[in-house]
Structures are given as C-alpha cells and as structure tokens.
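See below for the structure under consideration.
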Amino acid sequence: MTTKEQLDQVTILLAGDSGDGIQLTGSQFTQTTALFGNDLSTFPDFPAEIRAPMGTIAGVSGFQIHFGSSEIYTPGDLSDVLVAFNAAALKKNLDRLKDRGIIICNTSGFDKRNLRLAQYEENPLLDDKLRENYQLIEIDVTKMTRDALSESGLGPKDRDRCKNMFVLGFIYWLFGRPMQGTVDFLDNKFKRKPEIAEANIKVLKAGYYYGDTVEAIPSTFEVSPAKMQRGTYRNIMGNQAMAIGLVAACKKAGLPLFFGGYPITPASDILHELAKHKNFNVKTFQAEDEIAGICTTIGAAFGGSLGVTASSGPGIALKGEAMGLAIMLELPLVIINVQRGGPSTGLPTKTEQSDLFQAMYGRNGEAPMPILAAASPKDCFATVYEACKLAIEHMTPVMVLSDGYIANGAEPWRFPEASSLEEISTKFVDEKDAEDFKPYGRDENLVRQWATPGMKGFEHRIGGLEKELESGNVSYDAKNHQTMINIRSEKVNKMANIIAKISPDSGELNGKLAVLGWGSTYGAIKTAVKGLILEGLDVAHIHLRHIHPMPKNLEEVLKSYDHVLIPELNDGQLIKMIREKFLIDAKGLSKVEGNPFAAGEITEAIKSYYS
Amino acid sequence: MTTKEQLDQVTILLAGDSGDGIQLTGSQFTQTTALFGNDLSTFPDFPAEIRAPMGTIAGVSGFQIHFGSSEIYTPGDLSDVLVAFNAAALKKNLDRLKDRGIIICNTSGFDKRNLRLAQYEENPLLDDKLRENYQLIEIDVTKMTRDALSESGLGPKDRDRCKNMFVLGFIYWLFGRPMQGTVDFLDNKFKRKPEIAEANIKVLKAGYYYGDTVEAIPSTFEVSPAKMQRGTYRNIMGNQAMAIGLVAACKKAGLPLFFGGYPITPASDILHELAKHKNFNVKTFQAEDEIAGICTTIGAAFGGSLGVTASSGPGIALKGEAMGLAIMLELPLVIINVQRGGPSTGLPTKTEQSDLFQAMYGRNGEAPMPILAAASPKDCFATVYEACKLAIEHMTPVMVLSDGYIANGAEPWRFPEASSLEEISTKFVDEKDAEDFKPYGRDENLVRQWATPGMKGFEHRIGGLEKELESGNVSYDAKNHQTMINIRSEKVNKMANIIAKISPDSGELNGKLAVLGWGSTYGAIKTAVKGLILEGLDVAHIHLRHIHPMPKNLEEVLKSYDHVLIPELNDGQLIKMIREKFLIDAKGLSKVEGNPFAAGEITEAIKSYYS
Amino acid sequence: MMEVKSQEEKAKKPELKARDFVSDQDIKWCPGCGDYAILKQMQSALPEIGVKKEDIVFVSGIGCSSRFPYYMNTFGMHSIHGRATAVAAGLKAARPELSTWIITGDGDALSIGGNHLIHILRRNPDVNIMLFNNQIYGLTKGQYSPTSELGKVTKSTPSGSIDHPFNPLSVCLGAGGTFIARAMDRDPKALKELIIETHKHKGSSLLEIYQNCPIFNDGAFSAFTDKETKKKETVYLKHGQPLIFGDKLQYGVKLDGVHPIVVNIEEEGQDGLWIHDETDKIKAYILTQLFDDPEAGGHLPRPFGIFYKEERFCYEDAMQAQVDHAREQKGDGDLEALLSGNNTWIVD
Amino acid sequence: MMEVKSQEEKAKKPELKARDFVSDQDIKWCPGCGDYAILKQMQSALPEIGVKKEDIVFVSGIGCSSRFPYYMNTFGMHSIHGRATAVAAGLKAARPELSTWIITGDGDALSIGGNHLIHILRRNPDVNIMLFNNQIYGLTKGQYSPTSELGKVTKSTPSGSIDHPFNPLSVCLGAGGTFIARAMDRDPKALKELIIETHKHKGSSLLEIYQNCPIFNDGAFSAFTDKETKKKETVYLKHGQPLIFGDKLQYGVKLDGVHPIVVNIEEEGQDGLWIHDETDKIKAYILTQLFDDPEAGGHLPRPFGIFYKEERFCYEDAMQAQVDHAREQKGDGDLEALLSGNNTWIVD
Ligand SMILES: Cc1ncc(C[n+]2csc(CCOP(=O)(O)OP(=O)(O)O)c2C)c(N)n1
Ligand SMILES: Cc1ncc(C[n+]2csc(CCOP(=O)(O)OP(=O)(O)O)c2C)c(N)n1
Ligand code: SF4
Ligand code: SF4
Ligand SMILES: [Mg+2]
Ligand SMILES: [Mg+2]
C-alpha cells in the first residue's frame, strides 16, 4: 500500500534529451500545479545546441519546478525528485538532487548506447551506492508507452513521442494532481490530428494508473494549495510578461507600439510574443541587425510611436552608438537587455547579470539613461510598464534589464485589472502652440516637447550634434554644451523625485546587515533572508528596481545597517556604484557560473556575518 | 623707434577664415620657434564644417601657440597676441585675449560684408573701448599683399592667397625670428610652381620689412631660447606620435603591423600617417565601417600581426562587441580612442575625456581590458609604445585613450634613439612543443600561447563561446566559466606588478592636497600646480597613465594627502573609480565644454582648498 | 461660382513655393559644392509634388551631404553615420502616410550603411533615397570612398587606392531595388524631373546623384559635365525612346546579343537601336554595366535617367494590412483579455 | 629513377586523407541536418587541393552552420555574428599565403553580415565563401531569414513574412563578385567539385549551398532534391555546354533577345540553345534571375554550378605589392629616421 506524505514544498527536475519533450512536460505540470493552487517557480535549462547529439550530456534539456503550499520565490536549489529520461540526464543532474531524493528513471534510456554516450562505464542503476543514497523508481517508460499504444495503429516513431506523457501521468499520480487540464490541452493542440491526441491521452492515463497499480512506490505526496493573496492568477514567463507589459503601457498611453529588433537568445521570445498582438496596433520589425533594430525604433519614435527594442549582451553592444543618438534626440524608447553569460558570445543559453555597467556606460560621451531591472518573471510586467511610463512622460530612452533566468522562468501572477494600471500621459504639443514652438523647450521636469511629423507648423530638425538650448539647433558653443550636458544628466536625476522610495522587502530598517540585490537574484535573496529572519537573525533584504537614478532615500536606508552585502551574478558591478556613491564599505557576493544563486549560497554568506 | 621687450613666455592666437591658411601659418611659426629653441605647445581649433561660409563666425579657424624660455605645458589660457584676419575672427576670439593684449588685424577683413557676416552692427575697430583695452595694430594686409605682387603677373585670387605670408612675416619681425626656414619650406612646397613660391616669399618679406619700416609699433619682443634638456628635438603632434609609436613597437617586436580602421575626426590622421610607412611592413586597411575595422585586425592578429584600430567615441561604440571577442580570443590588439565631444555625434571637432567609462565597460559581460591614457602630444608615443608591449607580451587587447586636444596639438619632443626603446618580446610557440600544445595553456602571468596558422602541428580553433581551461575547447561548464572569468580578470590585474609605480609629477608625497589627473589635462594641471608650489602651496600633481590596472601603490600615495582633487573634462568618471576602489572622498573638477582646461581654472580650484 | 470654387480649391491646396522649403539655418557647405544645386532643385521640386510641408520628412546620416535636412523647412532628422536608411525604414513603417526622403552620401550609404541600403531596397518601403555620390569622404576631409576609382591618391591612400569600387546602381539592382536612376548636380533640369519621379514611384526609389566636391575631388564627373565632352559621354534614358547621344545625336546604342555596342546613326541608320524599356530588369542591368572609365577608348556613354522601375507592394502597406487584418479578426486589442491570458485560476 | 622521383614527390606532398581533416570535437548538429553532408564533402575535397593542413584556416560567424570550423582539423575561428567575412579579410590581407575559407549562413552573411559580404566581394581577396543557405535562422530556433520566401510563417512572423527575399547570387554579382556559384547538400558530387573550384579561383569565390534544416525549415529545397522533380527543376551549368535539363534531357534554355525561355529539344532541336559562358557577366546576371518559385507554372529551372568567373587582381596581392614597392623605394623601415623625422634641432 502506498501512503500519503504531506509536504510543504517540493522541487522536481525533469531531464532528458532535447527531443524528449521535457519542456512541454514541464509546462503542463506547471499549469496543472498552478491551477491546483500552489505557489510555484520554474526554470528551464536548454542546451546551447538546437539538438545536440541524442543521448549525450550536451544534449540534455532540463526543466525545474518548485511548488508549495507557502510562498515560493525561486525554482529551488536542490531537487527532491529527479526524473531522468536517459543516462545522460542522470549523469548531468545527479548532483542537483538532495540526499535521499527520488530518482524516477526510464530504464530503456540506460541501454548500452545510452550509457556509452553518457560516458558511464557501468550502469549506474546497478550501483548499490546510488540505491543507498537515493530512492530509485525504475520504469521502462518506452516499453510501457509502446505497449499502451500497441493497438493504436501509430508507427513506432509516433508512439515513442508519447513517452513524456507517461511520465507526466506518473508524476500527476505521485503528487495527486488532476489530469483534465492536460487532456484538454492535448485535445486542443492536436485538433487536426485526433489520433495523436488520443494516443497521448491514453499514455498519460497509462502513466497515472501505472502508479496506482504497481505497489513499488512507497508513498505519494500531497502539497496543499498555498495561502496566496486573493485574486485571479495566471502563470507567466518573464519574456511574456515583458511583451504584455509593453503592449499594456502603449494601450494605456494611447500610443502605437513599434518594435524593431533582431533575434538573439534569450531575448527573441519578446519579439515572438509581440508579433502575436498586432490587433493592439503593434508593429514588429525583424531588422537586418541590432543596429537597424534600434534605428528603426528611433525613426518610429520620431513619428510618434513608443519605440522598443530588445536584445541580449552582444546585440546591446551594437546598439550603443544609436542609444547615444536617442539620448540626444530625447525620444521615448525602451531598450530591453535580457542578459546572458558573457563576455562575447559567452554562454548564450545561461544567465548572468554582467551587463549592468554596459547599460550605465556602454556609450560614448556623457550619455545618461534611466535603468530599471526586473526581479522575477512576473515583475517583468511591472518593471517594463514603469519603464514605458518614464520613457513617454520624460521623453527619454530607458533601459530595462532582465536575464535568461527570469526571461524563461515562470511563476503564478495575480495579474492586474486594466483599469488599475497607472495612467500614462502622453503630451504631444498643442496645435495652438505652433507659433512659439521650441523643439527643445522644457517643462519643470526638463522634459522636452514632442511634435511629430504631420503636425502643421511644427516642422523642425533634430540630430546627433550638440543642440542649442531650447531651439534645438546645432550649437558648437562651449557654455551651451556644458548646459546641455547638465540638463541631460539632471533630467534623469530628477526622476528620483518620482520613483518610489525604497524600504526593506524583508526585515527591518536599522539593523546589522542589509542584503542589497537587484534583478533576478530577488527570489534567492528573499528565500534566504526570510529563512534567517525566522531563525532569529537581524538581517534585511533590500531590492533595487531603480538602478539609475536610484531611490532618493537609498543612502539613508543603507547607512542604517552595520553591513551591506551585495550578491550579484557578475564580478561586482552594482557594488561599485554603491561604494562610489555612498562611500560605504559594502561587500560583494559574486558568482559567475551561468546559473542563478541557490538560496543556500546566500544563506551561507549571510551567516558568516553572525559567527 | 621701436624698443625690444624681453618676455618669458607668449601666447599667440591666429584666427581667420578656414580659407585663410591659418593652420599653415601656425605650423610655420611653430617650426621656426621650435628651431629657435623655445619650448612650446600648440593647439589648432577647426570649425566642424569643411569650409563654413566665408566670413561667418562658424567659419573661423584658429591656431594657438604658446612658447617660452622656460618649460611650457599647455597652449596657453588667454593669449597675448590675437591676429584677426577678419571681423568674425575678432568677434569669436576677443574673450580669449588678455587685457591690454595686442590685436593685429587685417582692416580689409572688416568691410561691410565682413561686419555683417560677423554680426557686428558697428565696426569694432572704431570702438574706443577696444582701443583702450587692447593695443590695436591695424594693417591692410590685403592691400599690402596685392601691392607687393603688383608686378608678379599673378591673378588677383592667387595674389590674395599669399595674405597669410604677410602676417607671418610681420609676426616673425615682431618676435625677432628668422625667415629662412619658411623660405626653404616654400621653395620646396612649390617646387613645381616657382612663381608661386617666389610670390609667397616676396610677401613674407614684405610683411617682415613692413614692421621694420612703419614706426607705428611701439616695441618688438624677445623670447629667448628655453633651457631645455640637452638632446635632439623635433616637433610632434599627438596623432603623429601615436602612429610612430605603433610602428616603432612593431619594429622592435619583430611583428608586422596591421591597421584596420574607418575614418573619423579626430582619429583619422593616425591612419593617414601609418599609410605612409608601408616600408616598415605596415599594412593599412580602410574598412567599410568600424566593425570591419576591428574585425580585420582580429583576423590579422590571429595570423600573427599586431592588430591596431583607432577611432573616436561613436566608432568605438560600434567596436564593443568585437572587443569582447578579442578579449575571449586573447589576441594582441591595440584600440585607440581619440576622444571628442559627446554624446552621439556631439561636437566632433572638440575635445573631451568622456569615454573613459566606455573604455572600461562598453562591452557585454565581464570583459576586462587594460587601459592607458596619453598625457600630451609627445606622450602619445610612449603610451602607445607601452600599450603595444603589454598587448604583445600579455596577449590581450589594450585600449589607449587620447583626445582631440593632444591629437592635434604639438610640442617639441626629445625623441629617443631606437636602441634605447624597451625591448618587446614576442613569444610564438616553439616548433618542438606541438605535441603538448594547449591553445589556452598559460605562463605565470596567465598569458596564453600564440600559435599562428602555418605552424605545423598547432592546428586549433578559437572562438567567442566560453572556453575550457587550457584546451580552449567550447565549454558550458559552470565552474569552468567562473574559472575563466577569474583568469581573464586576474591576467589584467597582474599587470600591476609590471607597470611603473606612481609618484608625484610635481610636489611631494604626504601633503594637504593631491591633484590627480589622467590624459590630456596633464599640461594644465602641471602648469597650475607648479605655479602654486612656487607660491608656496603644499600641493602635488599625480598623473595616471595606467587607468586599468592602476599602479599598485596608488592607494597608498593618494591616502598620503588630506584631500584629493580630480579634474576631468567629463562629468566625473575617474573620480568614481577612485572613490569606489579606495573609499576616499575625492572631489571632482568637471568641465564639459569641448575645450581643455585653462591652467587658471585648475589654479582657482586648488586655491579654494587654501582659503 | 467658378471663382468661388477655385478659391475653395486654393484654400484646400495652398500652393507652396520653393522658398517655403528654405529653413532659417545658415548653409555650411563649401563655396561651389555640388550640394547647393541639389538643395535648390529639391526646394523647387517639392512644391510640385503637392504634399504638405508638414507631411514631409528628410532623414540623413552623417557627411557633408547629410546636413541637407537642416536646410529644408520640413521635418527632419540628421541621424548617425550610415543609418538614415534604417531610421527612415522605421519611420515609414510606423507612419505610412508621410513622404519620406533619405539623404545620404557614397560613404554613408555604401560604406558603413551598405547593409541597411540593400535591405531597404529589398523590403521596398515607399521612400526616396538621394545618394549624393562625390566619390570621396567630404566631411572627414578627403579619404577615398567605395566609389572612388582605383589608384586614387587620398589622405588614406598615399600610394593609391587598391579597392575595386562599387558600381552603385548595380549593387542596388542586385539587392532588388524597384526604382533605379541617376542624375547629376550640374544638370538641374533633369535632376528636378528625376526628383519628382522618385516621389511618384511607389516603393523605394534610389536616385544616385553625381555631385562635385570642389575641395577634395574636383572634376570627378567632368567628363559628363564639361561642355566639350558631355554630349559624347552621356546618354539620357527615356522610356520608349532609342538610346542616342553625341553632340549631333549622331550615335546610338544597340544590343549585339546581350552586349551593348555603339553605332554611328549617320552611317548605319536608326534601325535596331536599343529602345529603352524601364520595366525590363535584365536590360536595366546591362545599362548599369555602362560604367567604364571615360578615359578609356572605345567605351560606352554613361546613362542618366531612370534605369528601372518595377511595381511591387510596399513594406509599410503589407505591415499595416496585417495590423488591420488582426484588428478585423480579433477586434481592437482588449487589454483585460491580454492581461488574463487563457488559463487563469482564482484564489479566494 | 622514376620511382625515386615519385617518392621524393610523395615526401614533399604527403597525401592527406579526409579523416586527417576530422577534428576531435563532437558534432552538435541535429540529426539529418544538411550541414553534415557539406562537412563531409569539405573533408573529402581538401586532400585534393594539395594545401597543407596547417596552411588552411576556416573562419565563421555565428549560426548552426558557423560551428563548422570546430569540426575541421585545421586552424579556425568561430567569430561573431556576421563578421566572418571581415575577420577573414584581415587575416588574408595579413597572410596572403594562407588558404582562407569562410563559413557563413543566410542570416550571418546576408542579414547582419550583408555589408561585409558585399565589400569583400568588391575587394576580391582570394578567399572561399561557403554560404549555407537554409532559408531560416537555425541557431535561434526558427525565425525567417532574408532568403525566406514571402508569406513564411515562423516564430517571428506568425501572420507570415512580408519581406521580399534577397536573390543571393544577384546581390553578390551586383556587388562585383568574381566567382559566383551554387550547389546543394543533397548533391555531394557536384558539391565537392564546386568546393574544389572555389579553391582554384584566385579571388573571392562565393558558393551558395542550399542546405536543408529538417528542424525548422524541412524541405525548403525539395523541388531541387526530390527524385520526382529535381530533373525538371534544376539545370547544371557547364562552361561551353548548352543549358539542357529534364529527366530525359529533353528541355533546353534559349535566349529570346535578352530573356531566357524554355524550349523542348525533342521538338525544336538543339539549335540556338544557350551555351554557357561563365566569363559573360551579363549572361551570368540573367542566370541569377532564374529564381522563380518552383510552384509557379511556366517557370524556368534553377541553375547549379558556376554562374560567373572573372579574373581580377586580388586585394592582398595589391596590398603586398605596395609594401614591397615601398621597401624597394625607401628601403626596409629605418627606425632612427622615423623617430627623428625631417626637422630636428639640437639643444646643448
Ligand atoms: C560611426 C561613425 N564613423 C565615422 C564617422 C566619420 N564620418 C563622418 S561622415 C563620413 C564619411 C562622409 O562621406 P560621405 O558619406 O560620402 O559624405 P560626404 O561628406 O562626401 O557628403 C565619415 C567617415 C562618423 N561620424 N560616425
Ligand atoms: C550580435 C548577435 N546578434 C544575434 C545573435 C543571435 N544569432 C545567432 S545565429 C543567428 C542567425 C542564424 O542564422 P543563419 O546565419 O542562417 O545560420 P543557421 O543557424 O541557419 O545555420 C542569430 C540571429 C548573435 N549571436 N549575435
Ligand atoms: S568638402 Fe566637398 S562635399 Fe563637403 S561641403 Fe565641401 S565641397 Fe561639398
Ligand atoms: S536547427 Fe536546422 S540548421 Fe541548425 S543544426 Fe538543426 S537541422 Fe541543422
Ligand atoms: Mg561622399
Ligand atoms: Mg540559416
């Protein structure tokens, strides 16, 4: 008899060949788990190759999901359950499994060929150590699947493609999740090929009932719904949230959205998602390169659209010159950098936070630009929405930093109602002001006026040469240059008056240690800090969305602690800004391994302050 | 009778229409003055247009020369003599003339048309205030020139073109300089048109004797030769010194020099100069754009050349992505940024130091690169020479910062003998090591081996993806990435063991105030600090060539002063690095006007610490 | 009645004059620069195309020529080097109704901007590209450009250039351009006509304009502009008309198979002369190959006028159609639906 | 005697085998990818060109295809996206004696790298450019490329692409390329021959290779590779031979004026068939225009083989000649003289 074990939270890592349908399996489990009411966080881990050779370690694709009945902020450090579709998947991921964790493995993925490709000399499943250290559940998934479909009339290839559904069914059973969502999904996905839908559903159920039938499994698990804030939720990935945020902001601002960009991992999905929303007056332009990507958006912004471009490090590097132009032109642009491992081509499918300084300084001359960083998949929405608002209301390009981790990660999102979104006010010039129009005339926030082609009487010329105060004509005058340099800088600094003041995300003001984070380290820091606060430590978590300008009270807040620790997935970038600005001896926790922080790594670093 | 006045130093500003031959006049006076034995410093000031409309302020071209019988470090703040070829030249430059200074003006440049174009409502030469505040010498240069050539048979256009020689002759007389150098120059320049040579010489002499004849001039001046260090001197401009330094380094290293670049003001002259030295095994490639400029040099460096590229801000922005590649490939490259006014197209013909952070951080990912900055025209030689040495001996791209001010400025240079130049050792792999060759194997300085195509047994592949330790194969491994990130950073940091320790350029260690400069502010700071030390102030001047890594003892040196003041021609960049690194409350003196500091501006800032 | 109506019409379409297109900025080209002539023809052509001033935009890159927008009293942008085509492509895609003009030089368009040029031509938005070709980098004071002749001695090539130059119209045709034409600064009448033709063509129109730079490359096109030689060295293309030239129009061009040859009409008559067909792409290609050095003997004259014209849908129209179609299909974007997505659950 | 000599020769030119060109790296393309076939033909062609392994360099950009150098046991560089042509241009200029190969994709060469491609072609260094055209972005998982057909539905174009695609060979010819050819992954024999021909041509050789991407664009070239259709849809170009095709070689191509038409040889005989002349640039242009959609009726077959070949001096030779000439004229650079310049004075 199998018993039921109650758990607060669980991390599952699905791993197999790129061709095994791991990502689909993961996203179905995610969807079902979200609907079930757990809080969760997911993270896919693709190989760099499209389809690296089958069976090899390089070819392993992974999907990690962390869900629970309390709040979840990261996809989990080590996993409780590892599903290994083949030997390579086991080899690659065993060290990410907890001691005594469960391994579910497809035994037909451990044949000679697979073992050789995974560079196993012996079959690890026969290794006693493995059996001692972990709970091994062996299933010949391939055979089961084939058997289940023996009468389906499908060819062997099509049958084998259903394998992942067997596993999905099995883990649904293991965690007591309903199958209906996936059944509906399959029916819909294979609308035009009902025989395929039917086969998949059959195998899904076979996997589910397999659990029920075989008595080999000691216990199933229950993870009850989380007590989440009341409201309506959806599941969302970072890139998707980014795209939706852009569309929402433009809709609110009453502006057309023009996206010019060039595909690059891990930013391409923003383009893909936007291209689906043409009915929101969204135009997407796949340019010939990143330079054309941003230059087309500058053209569109001159024409009265919100211009948006997105890329990753190498592509952002190419946009530097044109960003300078946008700064000089003072047109509303949003530039998104979904950071990945660098330098150069680096680790394209891995995550990193090493483009912060590129965002601050990757342009010639004094070229200040506001920078915002998103903290989690769902936070991409709010962050880019605010970026759009700043860009439009302050007539400036704005940089938004995301990274591969949150771009591809997912979590439940209590999405806002449209009416609750902050208003964005677009201020084109007024027809009656044509007489006194000064292209670089400014309001109290130093925001210049926006007059677009087609507006009679507002004909004017702008460009990248230094502009004369107010008139915007070309000026080589020395004092004027200094004035304009100051204005461009002041204009960004003044935004500090508008952006939210900062306060601890967890913990209290005035304490021993503040952990200051930015961007995607949010979940790991929060998990660590909350845990330690529960353990009674005097520690706080402060998280920056506004990198430039920084919140007005940041200095005061940071100086209320004895120590400041700044974890970053780079060699130390934000920390330099903080030390320079406030002359405080902040310490960094740096990790540049292409992976996010585990909460445990942060916990450890914090603990060193208390020993 | 005219008397002779003895002066220690003089600044002359020649100004006129772009078509008036100002630059030629200036460079002849410079050459003659250098040969005469004065120390000097010059600075041309071109309009941004090729030939802005004649007679307008935008069309004024200027050339400033500061010479003296003691050491000279800048082209001078305010000038003692202003030569105005026309009304616009006077209008534009009057505020750069000292009270009671001499104005030499060409009265025919103050006719109605010229006054209108210069936007003078009244003829300023008739203004009593002008005559009171300055010493006015009016000469109808045009008429004199025409008269002198009445029998030459030349057309009026050709005659008028000799105008500048009249002025040159006159100031030769005024400062008691010999004419022979210019006579020889003209004979040589117009070898094929002897009638033109003759006419110019005639006018030159006419100008000289005009001074002798008319008794209107109260006094001439004598500026005796400077007591300069013994040796052989030549006059040199920054861009020229840069080009020669590159050639010299490659010759010393026994490497071919490959330059790939794209023209841009004010860097183009480096390409122009290099193209003249093909007999040094120099190849220059005018690429289709800046990206191709650097990429061709990467290709050439892979092939065993020293790769060099040069540009200015906007072009450097375009090279960021490829710099990252060069860092990953660890190939010897020198990247020169002759900075100009930014952001964007900015002020192309003006000077600025605002690309320091772009040099540090204008790339995606953690991409550390050594950075050196040249302090004066002649220092471009030594700086780029050291940069080449570091690039070759440490297998890394190196950035050299110059700017429009020193690139086009000139000064006497006690050039070194070839044999006295430091050796540069190029270490290609040894044929016999083919067996154990590891493309990313390293020596104790973390320098990798260099094997170039054509070397049998050393076939290998490199690229921009993260590389495996030693083998250089592609690696997506997490720990390996961290290792390589550390190695690339450490490799640059280790250079601090090799570069010179820093000590005050003027003044003593352990004092009240250190003025820390970098790059082209050298002359102004030195002039100011030396002056104030003479006045008895406890102040020192420390000047950084090595921006990254910094000299090992810099912290110690800086902390030996109560205060640190950092003047920069930007909004404060080096200062951020210093504050961050050493947590000292350094203060900045920032100026972003497209012009260099006047020594007086620095003096004033220093004095504020002593009042 | 009639009078009233004509007044109404006048009110509707206020007639613009050339001077209405003159901006208040001082012109900063060198005296004698060919750019002046082009500016003048542009200012005199625009009133004739009947587009309102405020609906016209000039976008340029960087170069002497690229200062052009400052002198036009329309909307304008002086962008960055080589990118005018990309900026204009975005503007036109976002605002299809604007009359969009691109001003670029041989360096700006063909050196750093070569990629955007070939891509705009293939995508074919309805823009007009004025390529000022002076076969030199003017603004940076005289380096050779991708159209400079082989062996050219310039600041960057003291021993002569070794770069085989582009044949610009051949590049543009190869890239899929739908309107390819050539004019010169010194033939104002033809220039003005061709400017108007570029406007009329719906699609990307490429007009190469030979432009003299008296400072750094004086006389580069003298064979085509000097009185003594121009009749012999140029042939004007007119759709449906034979290719004839010479001071007495005594020469014609014929195709010998696929190869053009010069014939003397006085001796051989007009039979079989090449009749220009601006819709024939292959013949247009052959015309672009009439590109040899005027100094060389036995050569062919240089063609001016419209080489090629093709009707192809415009990028911005297709893009707008997709937006319109999506709105028809799915209705104007519903923000609530976008935010909620397809799979939601309620926690309460 | 004879034996000895042949042994000596052997010693001089050690015979390399295909496997000598196989590197130790695991290949990471998808199963069934056309890149495998191209790699194989390259490895089997190289031993025949008689260049030593260490004198061969492969330079690539970024893309699936651009991983090629890792699999070749020669020198190689996997550079950055679009820049292989620029990197190789510098390498070749610096080291004229190296056999330099460029590996690039349709996105790498024609999208981001378009400018460097047209510039290398005009400058004409002696490099061999293998353009793997799969009409898709493979590495970034399936967006359309500049060679994708109109209306293509991809991740970035859910409602179909609206970009008129490039005709790559027309672009390359327009840019001044001196060797233009086409091959495909599925015709290994012709592919290998053409690889060898690109090597033989002294100048920049552009070989477009149709390459199937089974994952994101399967069957893009099936009309030219499927048994049923390929004979009808392809014509192989051989210098001096007529253009004939069809499963029974029953069709030929003729020029009607300057326009190609298909004739049935069985009915009309071979007279007047187009005889391929690879040195004729205008005819090569016409061949590049045989580019219509195989789905369209009444169309012409797609040509494979060498379209065009022209002898023109190579960039690196001209560059080297200037260096050599300067050395002859002025002697090998004298550092003392360089340092002192022409005007010095002595202070003592
Ligand atoms: C990124 C960048 N690179 C280089 C330059 C310098 N630059 C300005 S214009 C120009 C070339 C000008 O030539 P062309 O386009 O033919 O215009 P012209 O001046 O001849 O009209 C160059 C190289 C620049 N401004 N920006
Ligand atoms: C600067 C930069 N922009 C974008 C990318 C992302 N990227 C890599 S390969 C590629 C296109 C690949 O297409 P193609 O050249 O046709 O090669 P294929 O993969 O089809 O062989 C893109 C957009 C990148 N690596 N670098
Ligand atoms: S340099 Fe040449 S192109 Fe430029 S403005 Fe002067 S004459 Fe005209
Ligand atoms: S994605 Fe396509 S091109 Fe890339 S390796 Fe796979 S099959 Fe080949
Ligand atoms: Mg030009
Ligand atoms: Mg491709």
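Lettering follows sequence order; numbering is per chain, from 1.
A:Arg579 has its side chain out of reach of B:Arg579: every pair of non-hydrogen atoms, C-beta onward, lies at least 4.5 Å apart. Contact of the B:Gln573 side chain with the A:Glu366 side chain is registered, since non-hydrogen atoms from C-beta on lie closer than 4.5 Å. Side-chain contact check for A:Asp289 versus B:Ile291: every heavy-atom pair is 4.5 Å or farther apart. Between B:Asn364 and A:Ile316, every side-chain heavy-atom pair lies at or beyond the 4.5 Å cut-off. Using a 4.5 Å cut-off on side-chain heavy atoms (C-beta onward), A:Glu352 and B:His481 make contact. Side chains of B:Glu321 and A:Glu290 form no contact here, defined as non-hydrogen atoms less than 4.5 Å apart.
A:Lys350 touches chain B through its side chain: at least one heavy atom from C-beta onward sits under 4.5 Å away, while N, CA, C and O do not. Looking at A:Lys581, the atoms closer than 4.5 Å to chain B (heavy atoms on both sides) all sit in the backbone: N, CA, C or O. Contact of A:Asn337 with chain B is not made at all, since no heavy-atom distance falls under 4.5 Å. Of the two parts of A:Arg488, only the side chain, counted from C-beta on, holds a non-hydrogen atom closer than 4.5 Å to a non-hydrogen atom of chain B. In this structure, no portion of B:Asn480 lies under 4.5 Å from any heavy atom of chain A. For chain A, the nearby part of B:Asn595 is the side chain; its heavy atoms alone come within less than 4.5 Å. The contact between A:Asn570 and chain B is made by backbone and side chain atoms together, counting heavy-atom distances below 4.5 Å. Proximity to chain A is limited to the backbone of B:Ser475, based on heavy atoms less than 4.5 angstrom apart.
Contact between A:Asp355 and B:Gly365 at its shortest, heavy atoms only, is OD1-N, 2.7 Å. Closest of all the heavy-atom pairs between B:Ile485 and A:Pro343 is CD1-CD, 4.3 Å.
The most heavy-atom pairs under 4.5 Å with chain A, out of B:Pro314, B:Ala326, B:Ala367, B:Gly594, come from B:Pro314. Of the residues considered (B:Gly346, B:Ala586, B:Gly320), B:Gly346 shows the highest number of contacts with chain A, using heavy-atom pairs under 4.5 Å. For the options A:Ser354, A:Ala322, A:Ala317, A:Ser312, heavy-atom pairs under 4.5 Å to chain B are most numerous at A:Ser354. Between chain A and the residues B:Leu347, B:Leu325, B:Leu329, the largest count of heavy-atom pairs under 4.5 Å involves B:Leu347. Ranked by heavy-atom pairs under 4.5 Å with chain B, the first of A:Ser489, A:Gly342, A:Ala58 is A:Gly342.
Atom NZ of B:Lys559 has more than 12 neighbouring heavy atoms from other residues, nucleotides or ligands inside a 6.0 Å radius.
Side chain of A:Gln358 to backbone of B:Gly362: no donor-acceptor contact under 3.5 angstrom is found. In this structure, the side chain of A:Gln482 engages the main chain of B:Val592 through a donor-acceptor pair within 3.5 Å.
Here the CZ atom belonging to A:Arg363 is positioned 11.5 Å from the OG atom belonging to B:Ser344, to the nearest 0.5 angstrom. Taking CG of B:Leu583 as the start and CD1 of A:Ile584 as the end, the distance is 9.0 Å to the nearest 0.5 Å. B:Phe357 CZ to A:Met360 CE: the interatomic distance, rounded to the nearest 0.5 Å, is 8.0 Å.
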